[in-house]
Amino acid sequence: MNNENSDFLKTLGIYLFGQAKKFSLRFKKAPTMKELMIVYYSEAKSAKLTGKKVAWITSGGPVEPLIAMDVIPVYPENHGAMIGASKMGAGLCEKAEAMGYSSDLCSYARSDISCATINGGPIGGLPRPDMLVCCNNICGTVLKWYEVQARYFNVPLFILDTPFCHTGYSEDTARYVRTQIDEYIKFIEEICKKKYDFEKLRQVGLLSYEAQKLWQAVLDTAAHRPAPMSAFDAFFHLALIVTLRGTKEAVQYYQNLLAKMKDRVARGIGVVPDEKYRLLWDNIPIWPRTRWLSEKFASHNACLVADTYTSAWCGTLKYINEENFLDSMAEAYTRIYLNIGVDEMAKTVIEMIDKYKADGLVLHSNRSCKPYSFGQLDIQRIVEKERGIPSLMIEADMVDDRSFSESQISTRIDAFMEIIKERKKDKG
Amino acid sequence: MDKIAEFRTIIENPYSYLQKIKDESGKKVIGYVCSYAPEELIYAAGALPVRLFGSDSIIHRADLHLQSYCCSLVRGILEEALSGRLDLLDGMVFPHTCDSIQRLSDVWRLNLLKSFHADVVLPVKLNTPSAKRYLIDVLNKFKTDLERWLNKEITDEDLTRAVKTYNAIRSLMTRLYRLRCENPQVISGQDFHTLIRAAMIVERNHFLEALTAITADLEKIAPDKKLSGAKRLVLTGGICNHPNVYDAIEDAGGVVAGDDLCTGSRYFEGAIDDHLPPLDAIAERYTKRAVCPAKHSGLTSRGENLVRTPHAFDYPYLKEMLDREKIPSLLLEMEEQTQAGGQLQTRLETFIQIL
Ligand code: SF4
Ligand code: SF4
């Protein structure tokens, strides 16, 4: 009883704090990421109090159908990134290993699974889910991971199966995924115990489309020389397009951000002082080391102007029909960056190199993420052949700091930058 | 066992056997990487499906395409291909099972493309009607791809004939398997493993004939074999390409009485209903047999069946279930190139002693 009481009081505290924050944001023109995240997580963590449902969902999963039904989406991967950024990854991963999870498994999964058992991590764990939504458009790992969590929390799991598109998008796939969207909607209806609101979904779809367009426009500003923002900034601003696309808050946030970046462009302000070299980043950030890496590259006057990771959340705009979100989302969610063949990924990388005028490519070979990392060596070769620019591969892990060797990576970056400088000199 | 000797030679050097088949019969040989490849269709098309395993050689060519933390089976298969040893293959089939195999297919397509390259992107869940419908669509598409490539129609009769051959092999293997479960002395684990491997390589009609004779022989001698006091173990997991493990277990005083390996019982369990339209029937078998660790079909289906070890994600919960039932278990993490050396032996011995 005592425990329950203190739990209740804690939740109430979180709720009131979040509401106060939310109220204060009404009078602010441009709420910060931190403020928005506080409101978001406090609403998620006090869902039990407000009677809202919470769904855990994979980062590439379709969140709009949840938002339209007032379900709060929570992202274990975003949580994993926070764990990584706050340098708690190694500890939580070790704990998962002690529980019997092999160190070969994705470190988002390992840190999330161990975090759930102790409510640890930077925000004291995620709120308990009422349902799990797993979309395998990013990897097969999430399937096993969500099975683990569904057993642990004993809640229903919906799997949205988006068949891998090695070379294009077949009719069979289109039909299968489209049918599952209906099944998904039924699943949500059943758990929320109310009729699905398709009109609301239409509105949420419009907002989602709008936010993705804005996010792309924000990233595009880095095509200017000097770039007003870098990939490291994108890693930071990404959180809302992942967690809250489909809401007004996200649209407003990216409108403000875009205005700010445009202003910097107009005034010729670059994020890296005296920007001389422009690089493209591939794969998930090395969360515990973003700052170190950012400073390291800046010390060479190099700016990471774009990356394949943050652009994945607006990479399928071309498949979305904003007038018919419901039908077009099947294709958009199936053809995302990680669910396509290596050759198509290489094509995307080359387009980005051209668009952002990159002088070199930095690839993070990420032990945790197999679908992202296997194929990188071929992408590297294709890019070198097609564009003749140098590239560097860094072996590390997005969360687990134990596999980061600072001195070695530092030396390799120095050597790589020497090559870039030489090449640029030759080109004049 | 004399009749097994032939297969021992074949699995020791499958490539020269396959070359011979090609030279003699002009058959096309198609490689595949996982037991979810719809072999029956390949066989019905008149080609020979051959399962690829990793490599015994040191991996260096594959390093140029797949990082060292990629699973050793996948790296090994790529090494074999890049070294030219798989040049005799006319085509490749990649069923969608895990993230590594998925990328292996891409790397293959970009570097080693054969005249036939098929991705059979099966559904990851096997327990809904829409997934089943899609599964049938995928099989149909695969059939059309084969037909286009070979420039010939695969008729229902072809399919039914192939299904019958496979059913016969699978049912004999199951009989052998049961025989061995009841009486492990009948055939050594190593020999049994040889037969399983051969079932995935050897021309199937020939294999069926030989297997029929072998099974009959073994069934005859079975009643005379006495049960030994060996401890009975169940092997479980993904792919187990380690005949050495069988030896090591037997040396340590145990015997493998059952398994759910992809290269073991999962490969031959379940008959295809030959009264249904063939593709529907093939799909049906996929949805019914023991689920592969890389697939989903309900939350505990991997745990209810038997004693199991990992897919890495499943290990903790399987361990917990086993502990609850007071069934001791041992986790062996093995790479393709691992030799059954002293350490493995010691761990097995210690484990078997406590049983
Ligand atoms: S394996 Fe990669 S895509 Fe999958 S959850 Fe981990 S980081 Fe994300
Ligand atoms: S399922 Fe596991 S063992 Fe099989 S290929 Fe994939 S990673 Fe390797």
Side-chain angles (χ1 to χ4, degrees), chain A residues 96 99-105 109 113 134 136 139-141 143-148 150-152 154 157 159 161-167 170-173 175-177 179-180 182-183 338 340-346 365 367-378 381-382 393 395, chain B residues 63-71 74-75 94 96-107 109-111 117-119 121-125 127-131 133-138 140-141 293-296 298-300 302-303 310-320 331 333:
Chain A
M99 288 163 73
Y101 292 95
S102 155
S103 62
D104 284 335
L105 298 171
I113 290 170
C134 172
N136 62 336
C139 65
T141 297
L143 198 69
K144 303 310 293 180
W145 173 6
Y146 275 59
E147 283 180 3
V148 169
R151 279 191 297 261
Y152 182 76
N154 194 20
L157 163 66
I159 294 171
D161 183 8
T162 46
F164 195 84
C165 307
H166 286 279
T167 53
S170 77
E171 255 171 56
D172 301 336
T173 301
R175 186 164 355 111
Y176 176 39
V177 182
T179 313
Q180 289 176 83
D182 292 337
E183 293 166 4
L338 278 185
I340 55 178
V342 166
D343 29 359
E344 208 181 323
M345 291 168 99
S365 168
R367 282 195 75 91
S368 266
C369 189
K370 274 83 180 169
Y372 215 148
S373 303
F374 299 156
Q376 271 180 323
L377 288 155
D378 279 84
R381 206 170 3 261
I382 295 170
M393 188 173 278
E395 282 233 10
Chain B
D63 277 337
L64 299 175
H65 300 275
L66 292 171
Q67 292 92 323
S68 58
Y69 52 89
C70 174
C71 115
V74 165
R75 273 162 56 88
F94 295 88
H96 183 98
T97 29
C98 69
D99 298 338
S100 308
I101 294 224
Q102 161 187 308
R103 288 297 176 215
L104 176 67
S105 164
D106 283 342
V107 169
R109 188 161 41 77
L110 294 175
N111 299 283
H117 182 106
D119 289 301
V121 189
L122 302 163
V124 295
K125 44 183 180 182
N127 56 352
T128 69
S130 62
R133 158 96 205 266
Y134 169 72
L135 174 56
I136 295 171
D137 287 345
V138 168
N140 248 314
K141 175 167 178 298
K295 298 269 173 216
H296 172 87
L299 282 175
T300 51
R302 284 226 338 128
H311 193 283
F313 266 112
D314 290 335
Y315 174 67
Y317 107 88
L318 290 172
K319 174 107 176 64
E320 207 184 290
L331 172 69
E333 277 191 74

Nearest 0.5 angstrom please: [X] [atom1] to [Y] [atom2], how far?
X         : Y         : atom1 : atom2 : value
Lys125(B) : Leu157(A) : NZ    : CG    : 9.0 Å
Asp378(A) : His65(B)  : CG    : NE2   : 5.5 Å
Asp137(B) : Glu171(A) : CG    : CD    : 9.5 Å
Phe374(A) : Ile101(B) : CZ    : CD1   : 11.5 Å

Work out which heavy atom in [X] is nearest to a heavy atom in [Y]; give both atom names and the distance.
X         : Y         : answer
Ser373(A) : Gln67(B)  : O-NE2, 2.9 Å
Val342(A) : Asp106(B) : N-OD2, 3.0 Å
Gly140(A) : Asp99(B)  : N-OD1, 2.6 Å

| task | For Ser68(B), enumerate each residue passing the side chain to side chain donor-acceptor pair (under 3.5 Å) test, keeping only those at least two apart in sequence or located in another chain. | result | none
Could you check whether any side-chain heavy atom of [X] comes within less than 4.5 Å of a side-chain heavy atom of [Y], counting everything from C-beta outward?
X         : Y         : result
Arg109(B) : Thr167(A) : yes
Gln102(B) : Pro371(A) : yes
Tyr69(B)  : Glu395(A) : yes
Arg133(B) : Thr179(A) : no

| task | List the steps, then state whether side chain to side chain contact (heavy atoms under 4.5 Å, CB included) holds for His166(A) with His117(B). | result | CA-CA 11 Å; His166(A) 286 279; His117(B) 182 106; over 6 Å; no
| message | So for Asp343(A), is it side chain, backbone, both, or neither that comes closer than 4.5 Å to the heavy atoms of chain B? | response | both
| said: Given heavy-atom pairs under 4.5 angstrom as the criterion, report whether the side chain, backbone, both or neither of Thr173(A) touches chain B. | reply: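 The answer is both parts of Thr173(A).
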Identify which of [options] forms the greatest number of heavy-atom pairs closer than 4.5 Å to chain B.
options                         : answer
Asn136(A), Thr162(A), Asp172(A) : Asp172(A)
Cys369(A), Gly341(A), Gly375(A) : Gly341(A)
Arg381(A), Arg367(A), Gln180(A) : Arg367(A)

| query | Considering only heavy atoms, which portion of Asn111(B) lies under 4.5 Å from any heavy atom of chain A: side chain, backbone, both, or neither? | reply |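 It is the side chain, since no backbone atom gets that close.
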| note | Under 4.5 Å to a heavy atom of chain A? For Leu110(B) that would be side chain
| Quick one: do the Ser130(B) and Glu183(A) side chains pair a donor with an acceptor below 3.5 Å? |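 A pair is found: one side chain offers a donor N or O, the other an acceptor, under 3.5 Å apart.
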| query | Which residues satisfy the side chain to side chain contact (heavy atoms under 4.5 Å, CB included) test with Ala96(A), sequence neighbours excluded? | reply | Tyr101(A), Arg110(A), Ser114(A)
| task | Kindly determine whether Arg103(B) and Phe164(A) satisfy side chain to side chain contact (heavy atoms under 4.5 Å, CB included), including the steps that lead there. | result | CA-CA 10 Å; Arg103(B) 288 297 176 215; Phe164(A) 195 84; 3.2 Å; yes
